[in-house]
Amino acid sequence: PGPLLDHADWEPATLHPWPEHAPDPIDCSALSWSRETTGGEASLEVNTDDCNYLELQQPTIAEARIGDELQFRLWHFDLVQFDPATAHAALQIDGLTVFDVEVAIPGDAEMILAEHTLQQDLPEGSIALFHLHNHGANTWNLVEVSVNPPE
């Protein structure tokens, strides 16, 4: 058991599996996302005031096998926007969507917890792709993507 990703390794994606979600124009400063540490725990922080659409990638740092459980924690502060909208966050690994959530805006701050049981092996070095689009000036933190083998 342990982390599947290292938040220091994120880089702009070369693949774009959700092109229908892309706004026109895409406006995302390289300064809008970074590795942050809060309470001793690292996360990927995204400030959507400076980024209306984000796709980042990195190779996985561990393998995951059929039957393993992937665990996710995604935090967002209060989601503020005058007009109702929907935010979307997702994670694919080697083209397999393992985390996918839509969140209504406006909305209260929350920690989104999710799990996914793998139906295929994912070798170390598989390409993980994180996607986030949001309307309004909000802050998101991808806190955890970990693998937990069955007991």
Side-chain angles (χ1 to χ4, degrees), residues 1-64 68-116 118 122 124-148:
L4 192 61
L5 303 173
D6 182 339
H7 292 303
D9 292 344
W10 291 110
E11 60 185 39
T14 57
L15 302 172
H16 304 285
W18 293 278
E20 69 278 8
H21 293 186
D24 185 20
I26 294 174
D27 183 19
C28 190
S29 162
L31 300 176
S32 66
W33 57 273
S34 63
R35 179 183 185 271
E36 294 294 326
T37 302
T38 305
E41 187 169 28
S43 69
L44 167 66
E45 183 172 280
V46 181
N47 180 340
T48 60
D49 188 34
D50 297 320
C51 185
N52 61 357
Y53 183 85
L54 179 69
E55 288 182 336
L56 300 173
Q57 69 183 36
Q58 68 167 279
T60 59
I61 60 171
E63 70 174 4
D68 287 353
E69 185 176 86
L70 301 184
Q71 297 175 330
F72 307 91
R73 286 186 293 148
L74 177 68
W75 165 261
H76 63 77
F77 287 92
D78 289 340
L79 300 177
V80 179
Q81 174 69 11
F82 294 111
D83 298 321
T86 302
H88 179 235
L91 184 78
Q92 280 191 352
I93 302 176
D94 279 356
L96 173 69
T97 300
V98 294
F99 175 74
D100 196 320
V101 64
E102 291 186 345
V103 180
I105 302 171
D108 293 334
E110 71 174 320
M111 176 71 77
I112 299 168
L113 305 173
E115 298 173 345
H116 176 87
L118 283 176
L122 297 171
E124 182 177 342
S126 297
I127 299 302
L129 191 141
F130 178 67
H131 163 86
L132 175 67
H133 76 261
N134 176 95
H135 302 280
N138 304 307
T139 301
W140 296 76
N141 288 78
L142 179 60
V143 180
E144 178 186 13
V145 180
S146 61
V147 59
N148 190 21

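If you're wondering where the values come from, they're calculated on a predicted model, not measured in any experiment.
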**Q** Got a second to check how far I61's CD1 is from S126's OG, nearest 0.5 Å?
**A**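 It comes to 12.5 Å.
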**Q** From the options H21, H88, H131, select the one residue that forms a ring-ring contact (aromatic ring centres under 6.0 Å, His included) with Y53.
**A**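 That would be H131.
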**Q** Measuring from C28:SG to L56:CG, what's the distance to the nearest 0.5 Å?
**A**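 Answer for the SG-CG pair, C28 versus L56, is 7.5 Å.
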**Q** For D49 and N138, what are the C-alpha separation, side-chain angles and deciding distance, and is it a side-chain contact (heavy atoms from CB on, under 4.5 Å)?
**A** CA-CA 6 Å; D49 188 34; N138 304 307; over 6 Å; no
**Q** Measure across L4 and L70 and return the closest heavy-atom pair with its distance rounded to 0.1 Å.
**A**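 Nearest pair, atom of L4 first, then L70: CD2-CD2, 3.9 Å.
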**Q** Heavy atoms only: give me the nearest A128-W10 pair and the separation to one decimal.
**A**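 Answer, listing the atom of A128 first, then W10: O-CZ3, 4.1 Å.
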**Q** Do N52 and N134 make a side-chain contact, defined as non-hydrogen atoms from C-beta onward lying under 4.5 Å apart?
**A**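 The answer is no, as the side chains (C-beta and beyond) never meet within the 4.5 Å cut-off.
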**Q** If you measure from CD on Q71 to CZ on F99, what distance do you get to the nearest 0.5 Å?
**A**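 Separation between the atoms: 12.5 Å.
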**Q** Would you sort out whether L44 and F130 count as a side-chain contact (heavy atoms from CB on, under 4.5 Å), showing the intermediate values?
**A** CA-CA 10 Å; L44 167 66; F130 178 67; 3.7 Å; yes
**Q** How about F72 and V143: do any of their side-chain heavy atoms sit closer than 4.5 Å?
**A**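 F72 vs V143: side chains apart.
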**Q** Do you know which two heavy atoms are closest between H116 and V98, and how far apart they sit?
**A**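 It is CB-O, 3.3 Å.
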**Q** Using 0.5 Å steps for rounding, measure from the OG1 atom of T139 to the CG atom of D78.
**A**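 These two atoms lie 10.5 Å from each other.
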**Q** Could you tell me the separation between the CG atom of L54 and the CH2 atom of W33, rounded to the nearest 0.5 Å?
**A**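 Going from CG on L54 over to CH2 on W33, the span is 7.5 Å.
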**Q** Looking at side-chain heavy atoms only, is the closest gap between N148 and D68 below 4.5 Å?
**A**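 No; the side chains remain at least 4.5 Å from each other.
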**Q** Taking the side chain from Q57 and the backbone from I127, do they hold a donor-acceptor pair closer than 3.5 Å?
**A**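 Checked: no pair found.
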**Q** Between D9 and Q58, is there a donor-acceptor pair closer than 3.5 Å when you use the side chain of the first and the backbone of the second?
**A**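 Checked: no pair found.
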**Q** Can you list everything that forms a side-chain hydrogen bond (donor to acceptor under 3.5 Å, both in side chains) with H16? Sequence neighbours excluded, please.
**A**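 H16 satisfies side-chain hydrogen bond (donor to acceptor under 3.5 Å, both in side chains) with E55 once adjacent residues are dropped.
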**Q** Between E36 and T38, is the side chain to side chain donor-acceptor pair (under 3.5 Å) condition met? List the steps.
**A** CA-CA 7 Å; E36 294 294 326; T38 305; over 6 Å; no
**Q** Going through the checks in order, is the side chain to side chain donor-acceptor pair (under 3.5 Å) test met by S43 and N141?
**A** CA-CA 6 Å; S43 69; N141 288 78; 2.9 Å; yes
**Q** When you compare the side chain of I105 with that of P84, does any pair of heavy atoms fall below 4.5 Å?
**A**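 Not in contact.
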**Q** Please step through side chain to side chain donor-acceptor pair (under 3.5 Å) for the pair Q92 and T97, ending with a clear verdict.
**A** CA-CA 4 Å; Q92 280 191 352; T97 300; 3.2 Å; yes
**Q** Going by atom types alone, do D50 and S32 pair a side-chain donor with an acceptor below 3.5 Å?
**A**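 No, no side-chain donor-acceptor contact under 3.5 Å.
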**Q** Quick one: closest heavy-atom pair of D108 and H76, and the distance?
**A**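 Shortest heavy-atom separation between D108 and H76 comes out as O-CE1, 3.0 Å.
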**Q** To the nearest 0.5 Å, how far apart are CG in L142 and CG in L91?
**A**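 Spacing of CG (L142) from CG (L91) equals 7.0 Å.
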**Q** Minimum heavy-atom separation for L113 to R73, with atom names?
**A**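 Here L113 and R73 meet closest at CD2-CG, 3.3 Å.
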**Q** Do E69 and V147 come close enough that some side-chain heavy atom pair is under 4.5 Å?
**A**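 Side chain of E69 against side chain of V147, heavy atoms only: no contact under 4.5 Å found.
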**Q** Quick check: does any side chain N or O of T60 sit under 3.5 Å from a backbone N or O of G125, one acting as donor and the other as acceptor?
**A**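 Yes: the side chain of T60 pairs with the backbone of G125.
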**Q** Taking all non-hydrogen atoms of both residues, which atom of G136 and which atom of T48 are closest, and how far apart?
**A**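 Where G136 meets T48 most closely, the heavy atoms are O-OG1, 2.9 Å.
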